[in-house]
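Notes follow once the structure below has been shown.
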Amino acid sequence: MNIPLLDLTRKYRQIEPDLRARWDETLTSMRLLNGPQLAGFEREFGAFCGVQHAIGVASGTDAIFLSLRALGIGEDDEVILAAHAPAPVIEPIFSVGAKPVLVDKAAGDYGPDLGSVRAAISPRTRAILAVHMLGLPCDMDSLVRLAGENNIPVIEDASQAQGAVYKGERAAGLGRITPMSLGPVKNLACYGDGGVVLTNDDKLAESVRLLRVHGQAEKYNHKIYGWNSRLDELQAGMLRLKLPTLDRDNARRGEIAARYDDAFRNLPLRTPPVFSDRTSVYHQYAIETPDREPLKKFLDAKGIGNGIYYPLCLHHHESWIAKKLPKYSLPEAERYARENLALPVFAELRDDEVDYIIAAVREYFSRD
Ligand SMILES: Cc1ncc(COP(=O)(O)O)c(C=O)c1O
């Protein structure tokens, strides 16, 4: 068998006729930007997330950048985040002139370690950036409480968690502002780049709306210097077609994850953390094992796609070292980077493929 880590063609086949009809409508009208599809997507996705404002932008990186700008974060300000995160989350912090301050990952959770966050707060701290890694919402109540005690906002990056639920609410709008990527591999994904910023704060929403169109309050009247960041009509129309099936697709991911959890229970590996009051949408299903490299080779040989999310912590990238940024020792994030291995968990995976993956992992651990 040959099973990719993610097969985008399967979802495409499901929506192809409807998508072609929708795109035909947009192309015939030649209304390509800031039109009815964007307005419709913003309305529908905001309602889906239970958040007042959803503002489409060009990418997740832009969504973070514009969130930082809207919060007024800039030169010499500090933003705290866990070192176990994808590199794009850090670039916007540099772009606004601020300084990232890294903390360890929590043991048994994907979010930042609360004690490390508390210790990292300084008079210059202007935000905590909480990333809902691999589909699992962070412990938002604790983070929001800690941030509130220090009068700083939580920026909640939900790029890997569209549709996830935290204590009965969607994992969006739980912090002050929620940047989200809708890039091609996300649970709710564009066929290209795209992103959205969600917030219940009217002022922040107004700022992001202004910033994404070069700061123009009206055409050719630039109130502030902004940016060009647009979610186009083709992408927005397509996202509207996919949104009604997001919960079903996420539930299927959860079903596959539950089968893996069950099948791997007695093996010498760790399965992803599970919490009764948080529903992960399993953007990735990553096991943890010190045997990662040989297991990876074994799965490769069996034709099973797999991935590492991520092999390096933020402070171990060449880009960080070249900037002569502080050296950190963050044992839990570093262990996770060495041991994690993601298995296929996309919604269109067939049961016989899941059986094959389970059998292969079990076979690996039963060898002498
Ligand atoms: C958690 C997280 N934040 C931000 C980004 C950046 O998003 P984009 O690729 O849409 O710019 C990503 C993308 O991989 C991500 O996973």
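When a residue number appears, it is its place in the shown sequence, counting from 1. Predicted, not measured: the structure shown is a model, and the values here were computed from it. Ligands are counted one by one from 1 in listed order, and the atoms in each one are counted from 1 as well.
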*Could you pull out the closest heavy-atom pair between A172 and E156, with the gap in Å?*
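Closest approach of A172 to E156: N-OE2, 3.3 Å.
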For a distance cut-off of 3.5 Å, show me each N or O of ligand 1 paired with any protein N or O, plus the separation.
{"residue": "ligand 1", "atom": "3 (N)", "partner": "D157", "partner atom": "OD2", "Å": "2.6"}
{"residue": "ligand 1", "atom": "3 (N)", "partner": "S159", "partner atom": "OG", "Å": "3.3"}
{"residue": "ligand 1", "atom": "7 (O)", "partner": "S181", "partner atom": "OG", "Å": "3.3"}
{"residue": "ligand 1", "atom": "10 (O)", "partner": "G60", "partner atom": "N", "Å": "2.8"}
{"residue": "ligand 1", "atom": "10 (O)", "partner": "S181", "partner atom": "OG", "Å": "2.7"}
{"residue": "ligand 1", "atom": "11 (O)", "partner": "G60", "partner atom": "N", "Å": "3.3"}
{"residue": "ligand 1", "atom": "11 (O)", "partner": "T61", "partner atom": "N", "Å": "2.8"}
{"residue": "ligand 1", "atom": "11 (O)", "partner": "T61", "partner atom": "OG1", "Å": "2.5"}
{"residue": "ligand 1", "atom": "14 (O)", "partner": "K186", "partner atom": "NZ", "Å": "3.1"}
{"residue": "ligand 1", "atom": "16 (O)", "partner": "Q160", "partner atom": "NE2", "Å": "2.9"}

*What do the steps show when you test E91 against T61 for side chain to side chain donor-acceptor pair (under 3.5 Å), and what is the final call?*
CA-CA 8 Å; E91 287 170 331; T61 309; 4.9 Å; no
Under 4.0 Å between a Lys/Arg side-chain N and an Asp/Glu carboxylate O for [X] and [Y]?
X: E255; Y: R252; value: yes
X: K302; Y: E363; value: yes
X: E353; Y: R350; value: yes

*cation_pi(K242, Y191) dist<6.0 Å, angle<=45*: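 Flagged: K242 positioned over aromatic ring of Y191.
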